[in-house]
Amino acid sequence: MARSYLYLSEFHVGDVYKTLSKTVTETDVVLFAGITGDMNPIHIDKVYAESLPFKSRIAHGLLGAGIATGLWGRLGLVEGSAIAALSTEWKFVGAIKIGDTVHCEVEILEAKRSKSKPDRGILNIGYKIINQDGQLCQTGSMATMLYWEEPKA
């Protein structure tokens, strides 16, 4: 059976992948609020949120980041080659509203082999979360340690 994931040596700087979409539901927001304890009324109080500039409740910023990493993961490109997440940088440039359908454009920013451990290296990817209207909601990057190629048995 052929593998569906890639090793670090198979990624190329500048490659862009488009993920599937996800509609952000009230259940997503309520569960995230409960799990994290972030009960800011902009996320959970309809009347309060409608008085603010977005005019509606919005998803937690980190829920968006979590959805982005999940959508990337669903592509299956690193399921057999990833070793560990190393760092994340994230910017919240627009709101994700309840009911928005978002997808990600993921760009390979760096695929660098380790000098001290040449069996692995760092994959740095850039994320853009885009809603159904083509509006940019969030951007970010994540560095992940991957095997360079298939490990020798």
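Since we're looking at a predicted model, the values are computed, not measured.
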Do the non-hydrogen side-chain atoms of [X] and [Y] ever get within less than 4.5 Å of each other?
X	Y	value
Pro118	Arg113	yes
Val78	Leu6	no
Asp119	Pro151	no
Trp72	Val106	yes
Glu107	Asp15	no
Ile42	Arg57	no
Thr139	Tyr127	no
Val29	Leu63	yes

Return the [atom1] to [atom2] distance between [X] and [Y], rounded to the nearest 0.5 Å.
X	Y	atom1	atom2	value
Leu123	Ser9	CG	OG	11.5 Å
Leu8	Ile83	CG	CD1	9.0 Å
Cys104	Ile125	SG	CD1	9.0 Å
Leu75	Leu20	CG	CG	6.5 Å
Ser4	Leu77	OG	CG	8.0 Å
Ile122	Glu110	CD1	CD	8.0 Å

Considering non-hydrogen atoms only, spot the tightest contact between [X] and [Y] and give its length.
X	Y	result
Pro41	Ala49	O-CB, 4.2 Å
Ala65	Ile129	N-CD1, 4.4 Å
Asn124	Ser141	OD1-CB, 3.9 Å
Ala33	Ile44	CB-CG2, 4.0 Å

Acceptor/donor pairs from residues 90-99 side chains to any protein atom, 3.5 angstrom cut, sequence neighbours excluded:
| from | atom 1 | to | atom 2 | distance (Å) |
| --- | --- | --- | --- | --- |
| Trp90 | NE1 | Gln138 | OE1 | 2.6 |
| Lys97 | NZ | Phe54 | O | 3.1 |

Item to complete: Check the pair Ile130, Cys137 against side-chain contact (heavy atoms from CB on, under 4.5 Å), reporting the backbone distance first and the verdict last.
Response: CA-CA 6 Å; Ile130 301 165; Cys137 301; over 6 Å; no

Using modelled atom types and a 3.5 Å cut-off, is there a donor and acceptor pairing between side-chain atoms of [X] and backbone atoms of [Y]?
X	Y	value
Asp100	Val102	no
Thr23	Thr101	no
Thr19	Leu71	no

Worksheet item: Should the pair Lys22-Asp28 be classified as a salt bridge under the 4.0 Å nitrogen-to-oxygen rule?
Response: yes

Worksheet entry | Which residues share a ring-ring contact (aromatic ring centres under 6.0 Å, His included) with Phe11, sequence neighbours left out | none

Identify whether [X] and [Y] are in the same connected component of the hydrophobic contact network (ILVMFWY, side-chain heavy atoms under 4.5 Å).
X	Y	answer
Trp148	Met145	no
Ile108	Tyr5	no
Leu62	Ile58	no

Discussion item. So for atom CD, which belongs to Glu89, do other residues, nucleotides or ligands contribute more than 12 heavy atoms lying within a distance under 6.0 Å?
Written reply: no

Discussion item. Test: ring-ring contact (aromatic ring centres under 6.0 Å, His included). Region: residues 20-50. Which pairs qualify, not counting sequence neighbours?
Written reply: Phe32-His60, His43-His60

Fill in: Partner of Arg3 under salt bridge (Lys or Arg N to Asp or Glu O under 4.0 Å), chosen from Glu10, Glu79, Glu149, Glu150
Glu10

